[in-house]
Number of protein chains: 2
Amino acid sequence: MGTKKNYKHLPHKTIERLSQYRRALLICLDNNKSHIFSHEIAKIQHITPVQVRRDLMLIGYSGTLRKGYNIQDLIDLIGTIIDNEEGLNATIIGIGNLGRALIKYLSGKRHKLEIVAGFDTNPDKINNEFSGIQCYSVEQLEKIIKDKDIKIGIITVPEDQTVETAQRLVDAGIKGILNYTPKPVEVPEYVYLEEYDMITTLEKIAFYVKMAEDQEK
Amino acid sequence: MGTKKNYKHLPHKTIERLSQYRRALLICLDNNKSHIFSHEIAKIQHITPVQVRRDLMLIGYSGTLRKGYNIQDLIDLIGTIIDNEEGLNATIIGIGNLGRALIKYLSGKRHKLEIVAGFDTNPDKINNEFSGIQCYSVEQLEKIIKDKDIKIGIITVPEDQTVETAQRLVDAGIKGILNYTPKPVEVPEYVYLEEYDMITTLEKIAFYVKMAEDQEK
DNA sequence: TTTGCACTGTTATTATTTTAACAGTATAGA
DNA sequence: TCTATACTGTTAAAATAATAACAGTGCAAA
Ligand SMILES: NC(=O)c1ccc[n+]([C@@H]2O[C@H](COP(=O)([O-])OP(=O)(O)OC[C@H]3O[C@@H](n4cnc5c(N)ncnc54)[C@H](O)[C@@H]3O)[C@@H](O)[C@H]2O)c1
Ligand SMILES: NC(=O)c1ccc[n+]([C@@H]2O[C@H](COP(=O)([O-])OP(=O)(O)OC[C@H]3O[C@@H](n4cnc5c(N)ncnc54)[C@H](O)[C@@H]3O)[C@@H](O)[C@H]2O)c1
C-alpha cells in the first residue's frame with residue numbers, strides 16, 4: 001500500500017457525486033460556513049447521508065465528530081482527485097444557441113478546466129468573443145487544438161455536421177468528447193465519450209409522471 | 001397474469017435506453033430500412049447486443065430470426081410504454097440562450113410530448129414566439145399551466161430564480177420538473193425531479209482523461 | 001436432408017451500486 | 001463522573017444492472 005490512493009477504482013457514480021459535492025460545497029463556502037454534516041450534503045443532492053459518508057470514506061477523507069466535514073479541506077481533496085494538476089483545456093465547436101449557453105455558463109467557473117477556444121463556420125461568429133472566449137474558424141481547428149493543448153471537445157454543431165466534427169477532433173488528438181447533438185458518434189476506445197440528449201431525460205420524466213398518474217386511478 | 005404488462009417494474013436504465021432506441025430507430029426508418037438487428041442498435045448506442053435483446057425481452061417484444069426487429073413495430077411498442085396516450089404537455093421557464101436552444105430542439109419533434117408554452121420576465125420576450133412556441137409572462141404561469149394542462153416544467157432561469165420558480169411550478173400542479181440550473185431544488189415526493197448539470201459530465205470526462213494519461217506514463 | 005451459420009430469447013452469473021446495520025466516540029448536560 | 005445524544009466510519013446485506021452462457025430455430029448452402 002503506497003501513500004497515493006488509487007482513485008482509479010472509484011465507482012463511476014462516486015466520481016459524478018464528488019463533482020456535485022464540490023459544487024454544493026463551493027456554494028456553502030460562500031455562505032461563510034466552515035463545516036458541513038453528511039446529512040446536509042445529502043439533502044442538497046437528494047441522496048442519503050450514508051451514501052455521502054461512504055463516498056468520502058472511499059476517497060479517504062475523515063470529518064470531525066459532531067462538527068462534520070471541513071468544507072475547504074474537502075473541496076481541496078476533491079480537487080486533487082478529479083482535477084488535472086496542470087489543468088485541462090476544452091473547446092466548444094458550434095457557437096449557436098446551445099454553444100453560447102454553455103460557454104457563458106462555464107467561462108471563469110473552473111480554473112482547472114477551462115474553455116480556451118470556440119469554433120464555428122459562420123463568418124459572423126468567427127473572430128468574435130463570446131463570454132470572453134475567442135471564436136475561431138473551424139479551418140483552424142487542428143492547429144489551435146495543438147497550439148493550445150486542448151484535450152476536451154464539446155460538440156454543439158448542427159446534427160448533420162456531428163460525425164465529421166467528431167472525426168476531426170479525434171484526428172486532432174482530443175482525448176475526451178462531450179456530444180450534445182442527437183447524432184451518436186463513434187470514437188476510438190482511447191477517447192472518452194459522453195453523449196447527452198435532453199429527450200432521454202424528458203421522456204424518462206414523462207414515463208414516471210405517467211406511472212404516478214396510473215397509480216392514482 | 002393479466003394481458004397488460006406492468007411496465008412499472010422496468011429498470012430505470014432500460015427506460016432511458018428505450019427512449020434512445022426509439023430515437024435511433026426513427027432515424028433508421030428515414031433511411032428506408034424495415035428491420036434492424038440487435039447488434040446494429042447496440043453499435044449506435046455504444047452498448048452490447050445482449051443488453052438490447054434483454055431490454056426488448058423485458059418489454060415483451062419479439063423479433064424475427066435472421067431478419068431482426070421490425071423497426072416500425074418496435075417504435076410503436078416503445079411508444080405505448082413511455083408515451084402518455086393522451087399526450088403530455090411541457091413548458092420551459094426562462095427563454096434565454098439555453099431555453100431557446102431547447103425549445104428549438106424540441107419543437108415539433110414529439111407529438112406525445114409537446115412544449116406548449118414558454119415563460120419569461122423580460123418584456124422583449126413576452127408575447128413573442130420562439131420556434132413557434134408562444135412566450136408568456138411568468139405572471140400568468142399558474143393560469144396557463146392549468147388552462148393548457150401542462151404536466152412537465154423545464155427550468156432555465158437564472159440561478160437565483162430557481163427556487164422560487166420551482167415552488168411556483170409545484171404549487172401550480174406540475175408533476176415533473178427538469179432543472180437545468182446549477183441550483184438544486186427540493187420538491188415534494190409526488191413530483192418527479194431530474195437535474196442536469198454539464199459540469200458534472202465535463203468533470204467526469206476530465207477525470208477519465210486524466211486517468212488515461214496517468215496510465216500512459 | 002443435413003450441416004453450419006447467424007441470429008433471437010432466456011436463464012445464470014457476476015459486477016456494481018445502494019442501503020442497512022452497527023460499532024465507535026467526542027461532547028453536552030445531568 | 002456518568003449518560004444520552006448526535007454524529008462519523010466501516011462492514012454486511014440487498015438491490016440493481018450488466019455480462020456471459022447457452023438453448024432454440026429457421027435459412028442457406030452443399
Ligand atoms: N442534447 C441536447 O439536449 C440538445 C438540446 C438542444 C440542441 N441540441 C443540438 O445541439 C446542436 C446545436 O443546437 P443550437 O440550437 O445551438 O443550433 P444553432 O443552429 O443555433 O447552432 C449551431 C452552430 O454551429 C455552427 N456550425 C455549423 N456547421 C459547423 C461546423 N461544421 N463546424 C463548426 N460550427 C458549425 C453554426 O454556424 C451555428 O452557429 C444541434 O445539433 C441540436 O440538435 C441538443
Ligand atoms: N445545466 C447546464 O448544463 C447549464 C448549461 C448552461 C446554463 N445553465 C443554466 O441555465 C440557466 C439559463 O442560462 P442562459 O444562458 O439561458 O441564461 P440567460 O440569462 O440567457 O436566460 C435566462 C432567461 O430567464 C429569464 N428570467 C429571469 N428571471 C426569470 C423568472 N423569474 N421567470 C422566468 N424567466 C426569467 C431572463 O429574462 C432570460 O431570458 C442559468 O441558470 C444557467 O446557469 C445550465
Side-chain angles (χ1 to χ4, degrees), chain A residues 1 5-21 25 28 33-71 73-74 77-78 189 193-194 200 204 207-208 211, chain B residues 1 5-21 25 28 33-71 73-74 77-78 189 200 204 207-208 211:
Chain A
M1 313 275 159
K5 298 285 185 331
N6 64 343
Y7 297 126
K8 215 175 304 176
H9 300 115
L10 287 174
H12 281 54
K13 287 294 177 69
T14 295
I15 299 297
E16 289 181 12
R17 283 192 298 264
L18 288 176
S19 166
Q20 287 162 0
Y21 295 162
L25 292 170
C28 294
K33 283 184 67 167
S34 75
H35 286 74
I36 191 167
F37 295 123
S38 60
H39 64 260
E40 292 176 302
I41 300 178
K43 184 106 187 264
I44 300 171
Q45 308 291 338
H46 315 298
I47 56 176
T48 65
V50 190
Q51 198 160 52
V52 173
R53 294 206 298 277
R54 217 175 180 296
D55 285 335
L56 300 190
M57 185 194 86
L58 290 174
I59 64 174
Y61 184 70
S62 285
T64 311
L65 205 50
R66 293 191 145 251
K67 260 180 103 178
Y69 303 93
N70 181 291
I71 296 178
D73 287 355
L74 190 46
L77 177 59
I78 292 176
E189 47 76 32
L193 172 72
E194 286 272 339
T200 302
K204 188 179 172 191
F207 174 80
Y208 287 107
M211 284 296 131
Chain B
M1 311 271 159
K5 298 284 183 335
N6 64 344
Y7 298 127
K8 214 176 304 176
H9 300 115
L10 288 173
H12 282 54
K13 287 293 176 72
T14 295
I15 299 297
E16 289 181 12
R17 283 192 298 264
L18 287 176
S19 165
Q20 288 162 1
Y21 296 161
L25 292 169
C28 294
K33 283 184 66 168
S34 75
H35 287 74
I36 191 168
F37 295 123
S38 61
H39 64 260
E40 292 177 302
I41 300 178
K43 183 109 186 262
I44 300 170
Q45 308 292 340
H46 316 299
I47 56 176
T48 65
V50 189
Q51 198 159 52
V52 173
R53 295 205 299 275
R54 216 174 181 294
D55 285 335
L56 299 190
M57 184 195 87
L58 290 175
I59 65 173
Y61 184 69
S62 284
T64 311
L65 206 49
R66 291 194 143 246
K67 259 180 103 179
Y69 303 93
N70 181 290
I71 296 178
D73 287 355
L74 191 43
L77 177 58
I78 293 177
E189 47 76 32
T200 302
K204 189 179 173 192
F207 175 81
Y208 287 107
M211 284 295 131

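Order of the sequence lines fixes the chain letters, A, B, ..., with proteins taken first and strands second; residue numbering starts at 1 for each chain. No hydrogens, no waters, no symmetry mates; every other heavy atom, side chains included, goes into these values.
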Spacing between [X] atom [atom1] and [N] atom [atom2], to the nearest angstrom:
| X | N | atom1 | atom2 | value |
| --- | --- | --- | --- | --- |
| B/Y61 | C/dT10 | OH | P | 14 Å |
| A/H9 | C/dT17 | NE2 | P | 13 Å |
| B/L58 | D/dA18 | CG | P | 11 Å |
| A/H46 | C/dT18 | NE2 | C1' | 18 Å |
| B/I15 | D/dT16 | CD1 | C1' | 14 Å |
| A/Q51 | D/dA14 | CD | P | 18 Å |
| B/I59 | C/dG9 | CD1 | P | 11 Å |

Check against side-chain contact (heavy atoms from CB on, under 4.5 Å), B/L74 and B/I78: CA-CA 6 Å; B/L74 191 43; B/I78 293 177; 4.2 Å; yes
Per-nucleotide protein contact string for nucleotides 22-30 of chain D, where B marks a base within reach and S marks sugar-phosphate only (heavy atoms under 4.0 Å, - for neither): --BBBS---
For [X] versus [Y], what's the shortest heavy-atom pair and its separation?
| X | Y | result |
| --- | --- | --- |
| A/Y61 | A/D73 | OH-CB, 3.5 Å |
| B/Y7 | B/L77 | OH-CD1, 4.1 Å |
| B/I71 | B/L25 | CG2-O, 3.6 Å |

query: Per the atom types in the model, does the base of C/dT10 pair as donor or acceptor with the side chain of B/R54 at under 3.5 Å?
result: no
field: First encountered from the 5' end of DNA chain D, between A/K67 and A/V50
entry: A/K67
statement: 5'-most contact on DNA chain C (nearest-nucleotide basis), A/L10 vs B/L56, goes to B/L56
- prompt: Which residue lies toward the 5' end of DNA chain C, B/P49 or A/D55, if each is placed at its nearest nucleotide?
  reply: B/P49
message: Among residues at least two apart in sequence or on other chains, which ones pass side chain to side chain donor-acceptor pair (under 3.5 Å) with A/D55?
response: A/T14, A/R17, A/Y21
field: A/R17 vs C/dT18: side-chain N/O to OP1/OP2 distance below 4.0 Å
entry: yes
message: Can you see if the side chain of A/T14 gets near the phosphate of C/dT17 - specifically, an N or O under 4.0 Å from OP1 or OP2?
response: no
message: Among D/dT8, C/dG9, C/dT18, which nucleotide has an atom closest to any side-chain atom of B/S62?
response: C/dG9
- prompt: Taking the side chain of A/M57 as its heavy atoms from C-beta onward, which of D/dG9, D/dA21, C/dT18 lies nearest to it?
  reply: D/dG9
- prompt: For B/H12, what residues pass the ring pair (Phe, Tyr, Trp, His ring centres under 6.0 Å) criterion, not counting sequence neighbours?
  reply: A/Y208
task: Please confirm whether the backbone N or O of A/Q45 pairs with a side-chain atom of A/Q20, one donor and one acceptor, at under 3.5 Å?
output: no
query: Is the backbone of A/K67 close enough, under 3.5 Å, to the side chain of A/T64 for a donor and an acceptor to pair up by distance?
result: no
Do any side-chain atoms of residues 34-44 of chain A form donor-acceptor pairs under 3.5 angstrom with protein atoms, and if so which ones, sequence neighbours left out?
from  : atom 1 : to    : atom 2 : distance (Å)
A/S38 : OG     : A/R53 : NH1    : 3.4
A/E40 : OE1    : A/F37 : N      : 2.7
A/E40 : OE2    : A/K33 : NZ     : 3.0

message: Applying salt bridge (Lys or Arg N to Asp or Glu O under 4.0 Å), can you list everything that pairs with B/R54, at least two apart in sequence or on another chain?
response: none
field: DNA chain C-proximal residues of residues 35-45 of chain B, any heavy atom under 4.0 Å
entry: B/F37, B/S38, B/H39
